[in-house]
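All ligand and atom numbering here is 1-based and tracks the order in the structure.
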Amino acid sequence: MKIIFAVINNDDAPVVANQLTRAGINVTKMASTGGFLMRGNSTFISGVEDDQVDTAIGIIKKFSQRRGQISAYQPSEGSAPVEVSVGGATIFVLGVERFERA
Ligand code: 2BA
């Protein structure tokens with residue numbers, strides 16, 4: 001079994017959650033904030049069997065769009081705001097030592 005963490009744009013989160021659920025993949029959505037832009041995003045946690053990992057990642061990639069967003073971060077005082085490319089999704093896959101439902 002694996003656990004997938006996926007950081008997803010809030011605008012994509014509803015459709016990604018819906019598509020994962022339709023594919024029989026359980027998911028928990030948590031409200032999160034990106035450390036660079038300090039804007040809200042969504043972190044999905046999904047515990048899946050090994051043979052579901054590629055399906056889950058495929059769905060996340062398919063429904064997560066890459067977007068340009070203006071960053072308030074200024075490398076030096078007075079420098080102009082810069083546009084950064086955000087997403088589609090930042091995905092981590094970790095092994096699960098033990099899983100139980102109580
Ligand atoms: P943020 O930290 O708000 O980052 C938003 C976007 O800003 C990033 O998009 C990237 O294009 C840019 N960015 C981030 N740090 C930067 C820096 N030090 N200098 C210049 N540009 C920078 P993504 O890479 O697509 O990341 C989207 C969101 O995914 C991030 O939001 C963060 O919440 C999460 N994330 C990305 N990489 C991560 C990692 N290695 N570990 C944990 N979370 C991560």
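Contact annotation for Ser85 and ligand 1: only backbone heavy atoms (N, CA, C, O) come within less than 4.0 Å of the ligand. The part of Val84 lying near ligand 1 is the side chain, judged by heavy-atom distances below 4.0 Å.
Residue, atom and distance of the protein heavy atom nearest to atom 34 (C) of ligand 1 are Val7 CG1, 3.7 Å. With hydrogens left out, the protein atom closest to atom 33 (O) of ligand 1 is Asn41 ND2, 3.0 Å, a heavy atom. The protein heavy atom nearest to atom 31 (O) of ligand 1 is Gly34 CA, 3.5 Å.
By the 4.5 Å heavy-atom criterion applied to side chains, Arg39 and Gln69 are counted as neighbours.
The contact set between ligand 1 and Leu37, taken as ligand atoms under 4.0 Å from a residue heavy atom, comprises 1 (P), 3 (O), 5 (C). Residue Phe92 has at least one heavy-atom neighbour below 4.0 Å for each of these atoms of ligand 1: 39 (C), 40 (N), 41 (N), 42 (C).
Counting only distance, with no hydrogens or angles, the side chain of Gln52 and the backbone of Glu49 share a donor-acceptor pair below 3.5 Å. Checked by atom type and distance alone, the side chain of Ser46 pairs as donor or acceptor with a backbone atom of Asn26 at under 3.5 Å. At distances below 3.5 Å, not a single donor-acceptor pair connects side-chain atoms of Thr43 with backbone N or O atoms of Met30.
In terms of N/O distances under 3.5 Å, ligand 1 is not approached by Arg66. The shortest N or O to N or O distance between Phe36 and ligand 1 is under 3.5 Å. Residue contacts with ligand 1: Gly87 is placed with a nitrogen or oxygen under 3.5 Å of a nitrogen or oxygen of the ligand (distance criterion only). No N or O atom of Val86 sits closer than 3.5 Å to an N or O atom of ligand 1.
Placement of Val27 and Val48 within a single hydrophobic cluster is found when ILVMFWY residues are connected by side-chain heavy-atom separations under 4.5 Å, directly or transitively. A continuous path of hydrophobic side-chain contacts links Leu94 to Phe99 [ILVMFWY only; heavy atoms under 4.5 Å]. One hydrophobic cluster, built from ILVMFWY side chains closer than 4.5 Å, cannot hold both Phe5 and Val53; they sit in different ones.
Considering Asn9, Thr90, Val82 only, the shortest heavy-atom separation from atom 44 (C) of ligand 1 involves Thr90.
Taking 4.0 Å as the cut-off between side-chain N and carboxylate O, Arg67 and Asp12 count as a salt-bridged pair.
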